[in-house]
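Reviewing the structure listed below.
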2 protein chains.
Amino acid sequence: MKEDQAVTALAALAHPQRLRIFRLLVTKGPSGLPASDIAEAVEASPTGASFHLKELDRAGLICGTRDGRYVRYAVSVEGMRKLLTYLTEDCCQGHPELCGGTVRRVRSLCKSKGA
Amino acid sequence: MKEDQAVTALAALAHPQRLRIFRLLVTKGPSGLPASDIAEAVEASPTGASFHLKELDRAGLICGTRDGRYVRYAVSVEGMRKLLTYLTEDCCQGHPELCGGTVRRVRSLCKSKGA
DNA sequence: GCAATGATACAATTATTATTGAAATATGCA
DNA sequence: TGCATATTTCAATAATAATTGTATCATTGC
């Protein structure tokens with residue numbers, strides 16, 4: 001995955017309604033949902049939902065296919081996986097036990113305590 | 001993790017230099033790097049790097065601690081893990097084999113072929 | 001204390017993105 | 001064909017984020 005693709009995908013997710021849409025579709029799996037159901041679920045107008053769905057599609061995170069008079073959107077598992085891989089690549093210089101094991105318990109000194 | 005925290009973290013990553021910084025720090029693990037080394041590595045001005053580092057810190061993705069006259073930034077493994085978990089929660093309605101196994105080979109009909 | 005280095009804060013400009021409603025397109029069915 | 005439903009496009013406005021240079025703060029060593 002290239003940097004600008006990753007940026008596009010992250011920017012697509014960095015919006016409350018789009019993030020809700022994405023997470024909703026993640027739970028639904030490959031079968032997905034029609035756009036109208038999605039709009040209702042995230043309390044968006046048809047126009048707004050369409051805009052956001054297009055952004056997520058353009059980013060490669062979801063995929064819409066027409067199904068009769070509906071357009072059914074589903075998560076793109078490949079797109080999701082590629083993004084997650086890109087974010088975590090070469091974690092801890094080939095010592096991932098630093099991430100998975102020990103470090104999980106390191107006390108953070110950050111201002112952002114919640115994280 | 002709350003929605004607005006996730007949006008903040010994703011927005012922080014949705015920027016080329018910040019994404020480069022994050023990935024650089026992911027490879028470095030808990031020891032991290034001084035801000036000046038980071039600025040040089042991603043070809044940012046000191047001012048620019050400081051701005052971006054602050055954004056990532058505010059988002060809970062990295063953590064800066066003063067080390068003499070340097071400020072050393074390291075990835076926040078907790079923050080990273082929480083974000084990834086938030087994105088993939090309840091994947092495929094409790095049938096994650098849809099994500100991990102079969103679905104990996106489903107042919108996508110998306111316009112975005114690369115993803 | 002003072003100079004040097006590393007890092008941050010501030011403010012102004014510029015660029016990008018979100019939002020909204022009206023109009024247009026696509027499909028299914030009588 | 002013509003109507004109803006689902007979805008998208010377009011255009012205008014509003015809101016938000018990025019960029020840059022200057023000034024300021026923090027730490028070390030003389």
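Convention: sequence-line order gives letters A, B, ...; per-chain numbering from 1. Source: prediction; values computed, not measured.
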Exercise for the section: Grab the CZ-P distance between Phe51(A) and dA22(C) for me, whole Å please. Expected result: 19 Å
Practice task
May I ask you to evaluate whether His15(B) reaches the phosphate of dT19(D), defined as a side-chain N or O under 4.0 Å from OP1 or OP2?
Solution key: yes
Problem - Side-chain N or O of Arg18(A) closer than 4.0 Å to phosphate OP1/OP2 of dA18(C) - result: yes
Exercise for the section: Go through the N and O atoms of the side chain of Thr47(A) and the base of dT7(D), and report whether any donor-acceptor pair is under 3.5 Å. Expected result: no
Problem - Between dT5(D) (P) and Arg66(A) (CZ): distance, integer Å - result: 16 Å
Handout entry: Residue pair Leu13(A) / Leu56(A), side-chain heavy-atom distance below 4.5 Å
Key = yes
Handout entry: N or O in side chain of Tyr73(B) less than 4.0 angstrom from dG6(C) OP1/OP2
Key = no
Exercise for the section: Report yes if at least one side-chain N or O of Ser36(B) is closer than 4.0 Å to OP1 or OP2 of dA7(C); otherwise report no. Expected result: yes
Exercise for the section: Could you tell me the separation between the CG atom of Asp57(B) and the C1' atom of dT8(C), rounded to a whole number of Å? Expected result: 13 Å
Exercise for the section: Give Ser45(B) one of three labels, base, sugar-phosphate or nothing, depending on what nucleic acid heavy atoms sit under 4.0 Å from its own. Expected result: nothing
Completion exercise
Atom OH of Tyr70(B) and atom C1' of dC25(D) are separated, to the nearest Å, by 17 Å
Exercise for the section: Starting at atom CG of Leu56(A), determine the distance to atom C1' of dA18(C), rounded to an integer number of angstrom. Expected result: 14 Å
Handout entry: Whether Arg66(A) side chain and Arg72(A) backbone form a donor-acceptor pair below 3.5 Å
Key = no
Handout entry: Arg23(A) side chain reached by Tyr86(B) side chain, heavy atoms, under 4.5 Å
Key = yes
Problem - side-chain N/O His52(A) vs dA18(C) OP1/OP2, d < 4.0 Å - result: no
Handout entry: Protein-nucleotide distance (Arg58(A), atom CZ; dT16(C), atom P), rounded to Å
Key = 13 Å
Practice task
Could you state the atom-to-atom distance from CZ of Arg69(A) to P of dA4(D) in whole Å?
Solution key: 12 Å
Practice task
Taking Thr27(A) for its side chain and Leu24(A) for its backbone only, find out whether a donor-acceptor pair lies under 3.5 Å.
Solution key: yes
Exercise for the section: Provide, to the nearest angstrom, the distance between the CG atom belonging to Leu53(A) and the C1' atom belonging to dT19(C). Expected result: 16 Å
